[in-house]
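Order of the sequence lines fixes the chain letters, A, B, ..., with proteins taken first and strands second; residue numbering starts at 1 for each chain. The structure displayed is predicted, hence computed values, not measured ones.
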There are 2 protein chains.
Amino acid sequence: METEKITYIEESGLLFEKLGLTRMAGRVFGYLIVSEEDQASFDQIRKVLQASKGSISGTMKQLLNAGMVEAVSLPGDRKTYYRPSKMKISDILKHRMRQFDDFARILSRGEELKSKKDDVSEWLIEASTFYLWIGEQLDEIIDKWESEKTKIIEEYRQNHEERIES
Amino acid sequence: METEKITYIEESGLLFEKLGLTRMAGRVFGYLIVSEEDQASFDQIRKVLQASKGSISGTMKQLLNAGMVEAVSLPGDRKTYYRPSKMKISDILKHRMRQFDDFARILSRGEELKSKKDDVSEWLIEASTFYLWIGEQLDEIIDKWESEKTKIIEEYRQNHEERIES
DNA sequence: CATAAAGTTCAAAATAAAATGAACTAAAAA
DNA sequence: TTTTTAGTTCATTTTATTTTGAACTTTATG
């Protein structure tokens, strides 16, 4: 495998770690992305990433659970193959936004626990309202994306090409 | 301190951990929120949370760095006091959105590294465009929030009161 | 049915992250 | 200037997370 791709796989690992997932999950996802084959077998992944079966087994479970990869099985072949799932990208965002809901909730509960109303209380109300509101707005935006994405992607593609040509 | 508040502080710790920060940072933030005093001293925080000076020192640095708390000093008093910062709540969101930029970037770079263009490539283009686009949309929404927040908060407040009365 | 390949499980080992505590620095007060 | 208080630093310890590897389960195939 090309050095560039190996570097890429490691960077993906580091990013996943930053996002609160595991490094190995990032490596597997990165590998599935840059691999030229449609899918990779368990053992192929294990060999490329030089990890143990146990580690790959646990990682695949994580990724399947997060909906980031899909398992593929073929008739007449007892192996399991994996590929990046073509999940709705907006679902990842929606999922991540739940973190904001949690944050909003804790701010709002904090406000309720205070007996004295001061400017921190004001701030807490403002902040928790913001997250409630932004959640609603985002739902609308995501609907817009789903209905107009072909057009939007085309616009971005043209912009990108212009930049390359110039 | 009331049991409820102690529970709250611990829950805040757990949430911060889930968000990728430290448990202690969450506890300190939670405490500063529910404390009835305008600000808390270093040693007061240390005592309430039963932690070492070293731990509090490092945690306060983290929180100051993340812009979540502010330090206050008073003339004729060598202590440093801390309070939750009244930062623009939308800035926290903006900051968190950088994670999505990173994610978009790695998807897009993965697409560039593939020599074969297949449906994973298509998906990568779609996904990375989505994050670019959503970032722009969010900036607009945040502007809207900043200019209309008083009105929006008032609307939410009324809704909340209605729910309580009924 | 017996064999072998493909994965899973889980206890133990390795690694990483966070907290402690003691020695240190800075700055106000006596 | 000396003392005291407030906080920082950092090596060590504690705790939590990840990985390994060997024994086990499952499923296909001769």
Asks: Applying side-chain contact (heavy atoms from CB on, under 4.5 Å) to B:K94 and B:D139, what does each step give before you reach the verdict?
Replies: CA-CA 8 Å; B:K94 277 188 184 164; B:D139 284 344; 4.1 Å; yes

Asks: Specify the separation, in whole Å, of atom CD of A:Q44 and atom C1' of C:dA6.
Replies: 14 Å

Asks: Whole angstroms only, please: what is the NZ-P distance between A:K18 and C:dA17?
Replies: 14 Å

Asks: Roughly, in whole Å, what's the span from CD1 in B:I56 to C1' in D:dT9?
Replies: 16 Å

Asks: Taking atom types as they are modelled, is there a donor-acceptor pair under 3.5 Å from the base of D:dT4 to the side chain of B:R78?
Replies: yes

Asks: Measuring only between side-chain heavy atoms, which start at C-beta, is B:D101 closer than 4.5 Å to B:Y131?
Replies: no

Asks: Between A:Q62 (CD) and C:dT8 (C1'), how many Å, whole number?
Replies: 15 Å

Asks: From CG of A:L21 over to P of D:dT17, roughly how many Å is that when rounded to an integer?
Replies: 14 Å

Asks: Taking the nucleotide of DNA chain C with the closest heavy atom to each, which residue, A:G54 or A:K79, is nearer the 5' end?
Replies: A:K79

Asks: Going only through I, L, V, M, F, W and Y residues with side-chain contacts under 4.5 Å, is there a path from B:I45 to B:V72?
Replies: no

Asks: Using the side-chain heavy atoms of A:S57, tell me which of these nucleotides is nearest: D:dT8, C:dT9, D:dT18.
Replies: C:dT9

Asks: Figure out the CZ/P separation between A:R23 and D:dA16, and round it to whole Å.
Replies: 21 Å

Asks: Could you check how far CD of B:E17 sits from P of C:dA18, rounded to whole Å?
Replies: 8 Å

Asks: With the side chain of B:F42 defined as its heavy atoms from C-beta on, choose the nearest nucleotide among D:dT20, D:dT8, C:dG7.
Replies: D:dT8

Asks: Just one of B:K5, B:R23, B:R27 clears the side chain to side chain donor-acceptor pair (under 3.5 Å) bar with B:E10, so which one?
Replies: B:R27

Asks: What nucleotide, of C:dG7, C:dA18, D:dT19, holds the atom closest to the side chain of A:T80?
Replies: C:dG7

Asks: Could you state the NZ-C1' distance from A:K47 to C:dA6, rounded to the nearest angstrom?
Replies: 12 Å

Asks: Choose from D:dT19, C:dA19, D:dT9 the nucleotide whose nearest atom is closest to any side-chain atom of B:S52.
Replies: C:dA19

Asks: Tell me yes or no: between the side chains of A:S128 and A:E111, is some donor less than 3.5 Å from an acceptor?
Replies: no

Asks: Starting at the 5' end of DNA chain D and moving along, which residue's nearest nucleotide shows up first, A:K53 or A:M24?
Replies: A:M24

Asks: Both A:S55 and B:S41 contact DNA chain D. Taking the nearest nucleotide for each, which residue is further toward the 5' end?
Replies: B:S41

Asks: By nearest atom, which of the nucleotides D:dT18, C:dA19, D:dT8 is closest to the A:T22 side chain?
Replies: D:dT18

